[in-house]
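Structure, as structure tokens:
Fair warning: this is a prediction, and the values are worked out from it, not measured in the lab. Worth knowing before you read on, the calculation uses all heavy atoms, side chains too, and leaves out hydrogens, waters and symmetry mates.
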Amino acid sequence: MKKPMELAVYGKGGIGKSTVSANLSAALALSGKRVLQIGCDPKHDSTRLLLGGTLIPTVLDYLKTVDKRQAQTEEILREGFMGVGCIEAGGPKPGVGCAGRGIISAFEFLNQHHTKDAYDIVLYDVLGDVVCGGFAVPVRREYADAIFLVTSGKFMALYAANNILRGIRNYDGDTWQRVAGIIFNERKVADEAERVNRFARAVGLPICAHVPRSDAFAHAERQNRTLMQMDGCEAEQRVFRELARQIGGGLRLYKACPLSDEELERVVFGAEERAEQPTEVSTARTFSEKVASLPEPKAETEEIPKRSGAECPPLYGCAFNGAATAAINLTDALVIAHSPRACAFYTWQNISSPGRKNLFNRGILMPSAISPHFECTEMGQSDVVFGGMERVREAVLRAIDRHPGAVVVISSCVSGIIGDDIRSLEELSTPEIPVITVPADGDIAGDYMEGIRIAMHTLAEKLIDPSVWPRPQSRLVNLIGETGVSNNREIDFRIVKSWLDAMGISIGCRYLGEASCAQMRNFLAAPLNILANDNAEGRELKSWLSETYSCTFLDEALPIGFEATARWLRKLGAFFDCAEQAESLITGQRELYQREIERWKPVFQGKRVFMTTINTNMDWLLDTADAVGLRFVSIGVLNYLHQPVKITDHPEKYPIDEDFDWSRSQTLIRELHPDIVLSNYVTRTDAEDCLVDSMPMSPMVGFHSGIEVIARWGRLMQTKRKGEWMDDRSLFEKYYA
């Protein structure tokens, strides 16, 4: 089947391109061509004159109400003057949704139903002020074979025409020739013809048609007809007949050679003309000859310069995911993801998988992770095009009817890109149920950790009551910045709570891990705050809370390892005047710790360790390893965290390589003959006579952080000596029975 010739008519809004398009379609039909005109402006009036003033259903409005699988072209295709097929793509109301995405959706529908196959010429009438990807679709090579620019002599009309040339140049580069020329739609402004002529010469394009300023157009429009249907306006009609003849006889096509903004201004206002562009036109030819002779576009070969990590930090997950992971820890809140279903599904999996693992492996129930109060608006194509605010507003109202402690709405990439203003939903708040909006627009807002930061700040600002003051003489603390839904979070909390219970100290709020909205409101009642993790995110949160709410923090985060824990408990005891209870805890745990050290000394005495680690403090492990007699032959640092290196407070004691090259690890292992090879991740070695194990990325807090890991190595070494290195049956029964 012969491919129709496809023409795109671009121009600034209000420049008259729809009038030009309708009259050109009519002239082409009068010359014997089967013509289809597709309006690509959201105001959907491109085909009105061809249809006697009738506004037809748009493709997007139709698809909004009909199952896509049952949709039929006949419902949106109308026949106008001289059998011209008329279709309007449509679009959303101003200020909502994405009209560009609407054009893409409409074109996909028309292609799927082969709507264009019955015509000789397809004419796209496209808004030229907006040059986003959607409005630029007709410019793509699989659509427009030739492109006309409608302009007057007004500067903004010429600016829009030049911008369209930029878009074409982006698609075609210096290879393709698809610009047919300029249609000059006269507006009777000063120096108008000269302006348009100067612009045409500067960009190397012909003026294909000069549409005069004439009352005949207004007279025809008042009668809802094209000029081609009127009597007594032969001169105006001759313009469109001649243009139709050019199209039918073989157009000359040109490269897009846009001007810079400075050049455009000089050319339009006559200060200076850019040197006339070489036309490099193709010879006049028929459309079929043009199609057959089109060259393949050249592949881009220029290498993109690499950027350093500091200039282009990696994204670890998206902000939407991180924000949801933080927000679901509000135990009595309902979190609504304003997103497609797939985004919410992947986030749900990220939240719930650690909870399931902890429940099955350790019997620890994390309600917020096992069954999070997390729902989704399930945005679809219609929401993307027309805006999803109505859908999310209805979801919030339904949520309020269920009387949660709060409703938290989180935006995603999709809702952010189309401009859905979720902040306006906060006006739905009631005195009892606040509606909190978290604009974490997926990767647009940043990575996973940035999403957590956005959510933590937003929830604090909306929920913490600044009028609350610390209670005098109260032994109350807040636990700040626990790791999202990690495997260790609840274990660490139980350990810390056991210490606090023994010292008569209560936890007011876990910000943010299994906390209620009421606990968040009373956050400032606690005279002391404890940072859970001494990492970049934790330090930023501590600084922000201190500056915003004048919060007092213990100067050390939750401790890892025996000596760090003893020091931490003494500081806590001093603050709350319970030093005696702190010392009692330390003394009891020291006896258990020494007993374990003596147990494992015979196993590890003199054993050699080869370690690779990311840049985190490892004293919690090194102290215990020293105590059982392990000897470190190499500690290679892989500085993935882009922060100053600090593996230990006693670097002189260990062979530390701060510029470790992982590719040399196997060579070093063969040279150093270690008994144990350790890393922060699962690794392998060619050596068969050594133990290979991983070190936890998030070690358990407390006195026994190091001894727990040492004991595991000891059990593995003992098992290996028995020849039972892997017991598949026991593992199966543990995880699946």
Open item on the list: Looking at Ala326, is its backbone amide N or carbonyl O close enough to the side chain of Asn329 to form a donor-acceptor pair, meaning the two atoms are under 3.5 Å apart?
Closed with: yes
TODO: For the residue pair Trp544 and Tyr549, categorise the inter-ring angle as parallel (less than 30°), tilted (30 to 60°) or perpendicular (more than 60°).
DONE: perpendicular
Donor-acceptor pairs under 3.5 Å, side chain of residues 398-410 to any protein atom, not counting sequence neighbours: which ones?
unit_1: Arg402; atom_1: NH1; unit_2: Glu375; atom_2: OE1; d: 3.3
unit_1: Arg402; atom_1: NH1; unit_2: Glu375; atom_2: OE2; d: 2.8
unit_1: Arg402; atom_1: NH2; unit_2: Glu375; atom_2: OE2; d: 2.8

Task: Phe562: ring pair (Phe, Tyr, Trp, His ring centres under 6.0 Å) partners, not counting sequence neighbours - done: Tyr593, Phe703
Open item on the list: Any salt bridge linking Asp261 with Arg166? Criterion: basic side-chain nitrogen under 4.0 Å from a carboxylate oxygen.
Closed with: yes
- [ ] State whether Glu490 and Arg510 are salt-bridged, where the test is any N-O pair (Lys NZ or Arg NE/NH1/NH2 against Asp/Glu carboxylate O) under 4.0 Å.
- [x] yes
Task: Those residues that, when tested against Leu63, pass side-chain contact (heavy atoms from CB on, under 4.5 Å) (two or more places apart) - done: Val59, Ala71, Phe109
Task: Validation row: Arg712, Asp693 side chains within 4.5 angstrom (heavy atoms) - done: yes
- [ ] Write out all pairs satisfying salt bridge (charged side-chain N to carboxylate O under 4.0 Å, His left out) with one or both partners inside residues 461-470, taking only residues at least two apart or from two chains.
- [x] Glu426-Lys462
Task: Residues Arg393, Glu427: salt bridge by 4.0 Å N-O rule - done: yes
TODO: Check the side chains of Asp332 and Ser516 for a donor-acceptor pair under 3.5 angstrom, ignoring hydrogens and angles.
DONE: no
Task: All pairs passing salt bridge (charged side-chain N to carboxylate O under 4.0 Å, His left out) where residues 378-387 contributes a residue, at least two apart - done: Arg341-Glu378, Asp383-Arg391
- [ ] Please list all pairs passing the salt bridge (charged side-chain N to carboxylate O under 4.0 Å, His left out) test where one or both residues lie in residues 415-424, with sequence neighbours left out.
- [x] none
Task: Set of ring pair (Phe, Tyr, Trp, His ring centres under 6.0 Å) partners for Phe493, sequence neighbours left out - done: none
Open item on the list: So, using ring pair (Phe, Tyr, Trp, His ring centres under 6.0 Å) as the criterion, who are the partners of Phe523 when residues are at least two apart?
Closed with: Tyr511
- [ ] Return the set of residues passing ring pair (Phe, Tyr, Trp, His ring centres under 6.0 Å) with Phe660 (not counting sequence neighbours), or none when no residue passes.
- [x] none
Task: Residues forming a side-chain contact (heavy atoms from CB on, under 4.5 Å) with Asn535, sequence neighbours excluded - done: Asn533, Glu537
Task: salt bridge (charged side-chain N to carboxylate O under 4.0 Å, His left out) partners for Asp649, two or more places apart - done: Lys646
Open item on the list: Side chains of Thr377 and His338 only: does a donor on one sit below 3.5 Å from an acceptor on the other?
Closed with: yes
TODO: State whether a side-chain donor-acceptor pair under 3.5 Å links Arg471 with Asn522.
DONE: no
Task: Residues that Ala574 engages under side-chain contact (heavy atoms from CB on, under 4.5 Å), provided they are two or more places apart - done: none
